[in-house]
Amino acid sequence: MPTAPKGGSTITREYYRDNFPKRLMKLTAERGWSYYDVARETGMSPSTLYKYYHACIMPGVDTLAALADVFGMTMDELIGRSVNKESES
């Protein structure tokens, strides 16, 4: 899977669409969860999460925040975007 642009760079819609579902599936599998488990933890419907996992729809910011919370990471980490720590200083 290609790496996302580093801090400050824009992630294209195509990158997001092509890579976010793979990232979401990987994170889910690493925890031994199903998308039903993620749905329960986030309060989302399984059918909506299915659409995210299969790139039928793209989640908005609120949904990304909820997913990031469930996976214990930032939204940047969730979508596979590296944060340039030097630019934060």
Side-chain angles (χ1 to χ4, degrees):
M1 182 177 341
T3 56
K6 300 215 183 284
S9 298
T10 303
I11 292 181
T12 65
R13 186 173 186 84
E14 290 76 22
Y15 173 87
Y16 187 80
R17 181 197 63 232
D18 294 343
N19 293 286
F20 177 71
K22 293 173 192 166
R23 176 96 172 120
L24 192 56
M25 286 183 206
K26 181 179 184 247
L27 291 168
T28 303
E30 285 174 351
R31 286 155 178 79
W33 296 348
S34 70
Y35 67 86
Y36 289 102
D37 296 322
V38 178
R40 185 180 57 250
E41 292 296 318
T42 59
M44 293 178 217
S45 73
S47 63
T48 297
L49 272 171
Y50 177 91
K51 293 173 186 176
Y52 298 145
Y53 279 80
H54 293 90
C56 299
I57 59 174
M58 293 173 32
V61 174
D62 291 342
T63 299
L64 287 173
L67 289 167
D69 287 347
V70 165
F71 288 110
M73 59 185 53
T74 66
M75 288 192 294
D76 280 332
E77 292 168 327
L78 177 66
I79 63 174
R81 181 173 179 251
S82 299
V83 177
N84 185 349
K85 296 292 182 189
E86 292 175 14
S87 68
E88 293 179 356
S89 321

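In this chain, residues are counted from 1 in sequence order. Note that these values count all heavy atoms, side chains included, but never hydrogens, waters or copies made by symmetry.
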So how far is it from [X] [atom1] to [Y] [atom2], rounded to the nearest 0.5 Å?
| X | Y | atom1 | atom2 | answer |
| --- | --- | --- | --- | --- |
| Met58 | Leu64 | CE | CG | 8.5 Å |
| Lys26 | Asn19 | NZ | CG | 12.0 Å |
| Asp69 | Thr42 | CG | OG1 | 10.5 Å |

**OP:** Kindly determine whether Tyr53 and Phe20 satisfy side-chain contact (heavy atoms from CB on, under 4.5 Å), including the steps that lead there.
**Re:** CA-CA 8 Å; Tyr53 279 80; Phe20 177 71; over 6 Å; no
**OP:** Walk me through it: do Leu49 and Leu67 pass the test side-chain contact (heavy atoms from CB on, under 4.5 Å)?
**Re:** CA-CA 10 Å; Leu49 272 171; Leu67 289 167; 4.1 Å; yes
Original post:
After noting the C-alpha distance and the side-chain angles of Met25 and Tyr35, does the key distance pass the side-chain contact (heavy atoms from CB on, under 4.5 Å) rule?
Top reply: CA-CA 8 Å; Met25 286 183 206; Tyr35 67 86; over 6 Å; no
**OP:** Could you give me the CA-CA distance, side-chain angles and deciding distance for Arg23 and Ile79, then say whether side-chain contact (heavy atoms from CB on, under 4.5 Å) is met?
**Re:** CA-CA 7 Å; Arg23 176 96 172 120; Ile79 63 174; over 6 Å; no
**OP:** Over all heavy atoms of both residues, which pair between Thr63 and Pro59 is shortest? Give the atoms and the distance, please.
**Re:** CG2-CB, 3.5 Å
**OP:** Grab the two heavy atoms, one from Ala55 and one from Pro21, that are nearest each other, plus how far apart they are.
**Re:** CB-CG, 3.6 Å
**OP:** Say whether, by atom type as modelled, one donor and one acceptor occur between the side chain of Arg31 and the main chain of Phe71 under 3.5 angstrom.
**Re:** yes
**OP:** Would you check if the side chain of Thr28 reaches a backbone N or O of Leu24 as a donor-acceptor pair within less than 3.5 Å?
**Re:** yes
Subject >> Side chains of Met75 and Val61 in contact at under 4.5 Å (non-hydrogen atoms) >> reply: yes
